[in-house]
Every structure is written in structure tokens, then in C-alpha cells.
Amino acid sequence: MARETEVITGEIVDETVKYGLKEVCEVCGVHAEYVVEMVEAGIIKPKGAEPTTWRFSSLSIMRSRKALRLQRDLDINIPGVAVTLDLLDELESLRDQVKSLKQQLEKLQR
Amino acid sequence: MKFKDYYTTMGVPEDASADEIKKAYRTLARRYHPDINKDQGADEQFKELGEAYEVLKDPAKRAEYDQIRKYGATSGGDFKPPPGWHSGADFSGGGYTTADPAEFSDFFETLFGQRAARKPYEGPGRAPFAIRGEDVHYRIPVTLEEAYNGSTRGISLQTHRFDKEGRGIPETKTLNVKIPKGVIDGQKIRLRGQGGAGFGGAPNGDLYLEVELDPHPRFSVDGRDVTLVLPVAPWEAALGASVKVPTLGAAVNLTIPPNARAGQKLRLKGRGLPGKANGDQYVVLQIVLPPVDSAEDRSLMEAMRQQMPFNPRETLGV
């Protein structure tokens, strides 16, 4: 069922901040208090001094959604989610390093 | 329809207590959660687990299921519900949502009905039956050339929409997606509203595409930086030389300093993947010996041996 032919341009998920608190709440389907809790736990780090001036990146939005899924599916509290996300980040970066080192090694051994 | 043995799925005996079932669920959910387990198939196992738990955690559902299970003969065999089967229990839907109920199996729906499948979506702080669609995550393989130049890619994905009765109907969506120039391995592209369908007027979820860079025959990649192993002749390394080096763009000339060592790393600034700050290209020198075939070649090597006393194993103490 190929219905769409136009080319869709996505948004690269990165640290560029462009979303306000309201948008984060909408995308995640949560109350502002919940986002404040996530910020306090260091799960997401907005720019700006207070909630009304907070600006979030698309990376924060993705992270919030992930945090919500983990909390909902595994029944872990916010500090637990924060630790889990940090460890998952570390795991991912180590996997990347291993992948890149393996590639280099292969080329040197040829 | 295949019979599903929820006890096997959860790895618990059929006389397991509610506590044992909960424990088994938590252990397996941690192992197969798609945000944690990146293996293929983990996603599927997590869904099966969610469905099994949805039934076994609820005493009324479980009693009904046990009855069916006795009737339903062998696990994995062909299954038809008993004539006139109708589920009497109402779905509690309490606690937290497990899997995406729109994707519960036909087996589940035959036994417990569609409404039951949908119910767990309701939760505190959410208006009933207006739920934003799930985010969909997909990995797309991208070549290094595509990452360097940018490209447009057709992708098709399995998702679902809801009909008027709220039934999830599977559908295949085909999208043409722009892969922006300078994407790097592991980077995600967010396509707003292209994920799972929202329910009851709520917006769709987002589609996240994770860039998976294909291994390249020449270049190895680390973020925006690329590395190339460059073979050089012994005299190029010894005397210095200007040699042609392939890059992601056009080839460039690289100056090799005299007395270069094997494994030495040279940097071509800004020749990596493009970005706010371009990546660099690193060139690792590999000294390659020419084949020594003729008598003349051998006498040249012999002359080197006479003239250049050299112990390459000095650091090994031998």
C-alpha cells in the first residue's frame, strides 16, 4: 500500500534546544510536574533557569519517552530510571568503541 | 489458530502463585525490554510476555484460561475455542501497561475480546480512550557514501491504525525519507507523527530511525572521523614523499615526512563526515614490501643489509 510519495524530512535527534515545557508534556502525555521530576533527577537537562524559560532538545524528548516506557513496563521509580538510562548510554558508547576498534583492527590485519 | 501456552511463555509452572508470576514477569520484562535488549526478536518476546502476563496476573482471566487450556489440548497445536465460548470476566487493566495491546495476538482476542485488549491503555491521569500513539523505532542501514552525500530512501514499516470500534488494524506504511548529509552511526532521525496511530483523537506517535552505518571496505568510522590504512613503499616512508590518498570526496595529496614509521597516524583536517564541525580523516601508514623476484632485487636488498646495520628486534632484547 504505497500511498505516500512525497519526501519526508526528519529532524536529527541531537542536543539543539528548541522545545518548551508544554511541547514536552504533549509529546510524552504527562503533566508538567512529571517533567519537573525528570529534570530534578537529571534525566533530562533543559537550558534556562526556571520551568517557564526551559528549552529542551529532541534528545531530551526521546529520553523522556524512553524513561516513561521503562517506568511503566518495569515498574521502576525515577531515580532508578535515571541510573538505567545512564548505564544504557555508557553501554551504547562502549559498543560503538568496540565496533570502531574492530573495524580498524580488521583493516590493519589485511 | 495456534494455542498459546502462557505458562511456557512466562516459564512458570501451572500452579505458580500470583507472586511467582509477578516475579517471573519482572525478571523477563527486564531481559526483553526493547529499550534495554537490542537483539532482534527481543521486541517480539516482550510482546508475548506482556500478553501472557495480562492474562495470568488476573485471577478471573487466569481461571478462564486454565479451563480453555485443559480443553485446548497440546501447546502449539491447532486451537479452536469451545463452541459458545464467551469470556465472563471483565478486564481489570490495573497496574501498569505491559505491551502494546493493539498488537495482542488473535488467540488473545478470540478468548477475551478486543475491548479487553484495549483496556490496559487506560491509566491514571489520562483521559479514557484518547491515547497518543506509540513511538516506533526502526534501524536503517546507511552506507558511508550516503552519509557523506545525503540521500533519499524508501522504507516500509509495519504499523497499525484504529477503526471506529477501536480495533487495531495492521497496515504497511511506505515512506520516502531524506537521509541528511553528515548523519553518523547510531544517530536518530525523528519523524514527527509517523509512528503508531493515536487513539480517540490523540496525536500519532513519532517514528525514530536509527542510522546504522554499513561497514566500509576502506574506511573505518568513529563518529564523524574516518580512518584509512594507507600502504606506502619502504622508500616513501624512509625518504618522505607526496602520495595520493582517497578521501570520502576527491583524492588529495598527502605529504609523508621522512623517516615515517609503520602505524604512524597523519591527519587530514576536515576530510571526515560533514557537520557543524567537520570530522577529520586519519591516515595510518602501513609499510609494504615490494616482491623481491629478480637477482637485481635481491642484490639491492643485500646491499641494504651490508650498509645499514639494523636490529628491528632490539626492543625485545634479542
Side-chain angles (χ1 to χ4, degrees), chain A residues 1-16 23 25-31 33-34 57-59 61-76 81 84-85 87-89 91-93 95-110, chain B residues 26 29-30 33-36 38 46 50 95-99 123 125-126 131-132 134-135 152 154 156 171-180 182-183 185-192 194 202-203 205-209 213 215-223 225 227-229 263 284 286:
Chain A
M1 268 202 315
R3 287 179 303 157
E4 322 226 6
T5 45
E6 61 181 315
V7 175
I8 307 170
T9 305
E11 166 196 11
I12 296 262
V13 176
D14 62 12
E15 313 257 6
T16 319
E23 179 139 28
C25 292
E26 275 169 14
V27 170
C28 298
V30 293
H31 298 300
E33 288 79 4
Y34 186 83
S57 65
S58 48
L59 198 65
I61 287 191
M62 201 180 74
R63 232 172 132 76
S64 311
R65 292 280 284 175
K66 204 182 208 179
L68 270 166
R69 283 194 298 268
L70 289 170
Q71 214 191 346
R72 179 191 71 186
D73 298 336
L74 304 180
D75 201 24
I76 27 185
V81 168
T84 308
L85 287 176
L87 291 175
L88 285 175
D89 282 351
L91 186 66
E92 197 175 325
S93 101
R95 280 199 179 127
D96 286 350
Q97 279 182 46
V98 170
K99 192 169 152 188
S100 148
L101 289 172
K102 263 190 184 160
Q103 277 186 28
Q104 283 192 41
L105 194 62
E106 256 169 43
K107 288 180 172 74
L108 279 169
Q109 282 169 344
R110 270 204 302 236
Chain B
R26 292 216 170 140
R30 272 204 304 274
H33 198 281
D35 281 317
I36 293 175
K38 297 288 170 203
F46 186 71
Y96 39 90
T97 313
T98 48
R126 287 168 161 177
I131 289 95
R132 187 179 183 272
E134 290 285 304
D135 290 344
T152 301
S156 61
E171 102 183 316
T172 304
K173 217 164 41 171
T174 308
L175 300 172
N176 274 317
V177 180
K178 196 170 158 70
I179 310 290
V183 289
D185 194 38
Q187 201 161 42
K188 279 128 192 141
I189 302 170
R190 178 186 177 218
L191 299 157
R192 203 195 286 204
Q194 298 290 349
D206 298 331
L207 169 63
Y208 285 97
L209 298 177
L213 212 53
H216 192 274
R218 280 186 191 157
F219 295 99
S220 52
V221 187
D222 182 14
D225 297 336
T227 302
L228 174 80
V229 174
V284 177
Q286 185 184 38

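Below, read A as the first sequence line, B as the second, and so on, with proteins coming before strands; counting in each chain starts at 1.
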With only heavy atoms counted, which part of [X] is less than 4.5 Å from chain A, the side chain, the backbone, both or neither?
X: B:Tyr208; value: side chain
X: B:Val177; value: both
X: B:Pro217; value: backbone
X: B:Arg218; value: backbone

To the nearest 0.5 angstrom, please state how far the [atom1] atom of [X] sits from the [atom2] atom of [Y].
X: B:His33; Y: A:Arg72; atom1: NE2; atom2: CZ; result: 7.0 Å
X: A:Leu88; Y: B:Lys38; atom1: CG; atom2: NZ; result: 7.5 Å
X: B:Leu213; Y: A:Ser100; atom1: CG; atom2: OG; result: 11.0 Å
X: A:Ile8; Y: B:Leu191; atom1: CD1; atom2: CG; result: 6.0 Å
X: B:Asp222; Y: A:Leu101; atom1: CG; atom2: CG; result: 7.5 Å

Report task. Select, from A:Gln103, A:Glu11, A:Lys99, the one with the greatest count of heavy-atom pairs under 4.5 Å involving chain B. Result -> A:Glu11
Report task. State, with a plain yes or no, whether a side-chain heavy atom of B:Arg132 is found less than 4.5 Å away from one of A:Val27. Result -> yes
Report task. Please examine the side chains of A:Arg65 and B:Asp206, heavy atoms only from C-beta on, and report whether any two atoms are closer than 4.5 Å. Result -> no
Report task. Identify the two heavy atoms, one from A:Ile12 and one from B:Gln187, that lie closest to each other, and give their separation to 0.1 Å. Result -> CG2-NE2, 3.3 Å
Requested in this report: Identify the heavy atoms of B:Ile189 and A:Gly10 that sit nearest to each other, and give their distance.
Outcome: CG2-CA, 3.8 Å
Requested in this report: Please lay out, stage by stage, how A:Met62 and B:Arg190 fare under the test side-chain contact (heavy atoms from CB on, under 4.5 Å).
Outcome: CA-CA 9 Å; A:Met62 201 180 74; B:Arg190 178 186 177 218; over 6 Å; no
Query raised in the report: Please walk me through it: do B:Ile36 and A:Leu74 pass side-chain contact (heavy atoms from CB on, under 4.5 Å)?
Result: CA-CA 11 Å; B:Ile36 293 175; A:Leu74 304 180; 3.7 Å; yes
**Report entry** Side chain, backbone, both or neither of A:Glu92 within contact of chain B (heavy atoms, under 4.5 Å)
**Finding:** side chain
Query - Residue part contacting chain B, namely of A:Thr16, when any heavy atom lies under 4.5 Å - result: side chain
Query raised in the report: Relative to chain A, which of B:Val229, B:Asp35, B:Leu228 shows the most heavy atom pairs under 4.5 Å?
Result: B:Asp35
Report summary line: Answer key: most heavy-atom pairs under 4.5 Å with chain A among B:Asp135, B:Thr227, B:Val221 is B:Asp135
Query - Test log, rule side-chain contact (heavy atoms from CB on, under 4.5 Å), inputs B:Val284 and A:Lys107 - result: CA-CA 10 Å; B:Val284 177; A:Lys107 288 180 172 74; over 6 Å; no
Requested in this report: Could you list the residues that satisfy side chain to side chain contact (heavy atoms under 4.5 Å, CB included) with A:Thr9, not counting sequence neighbours?
Outcome: B:Lys178
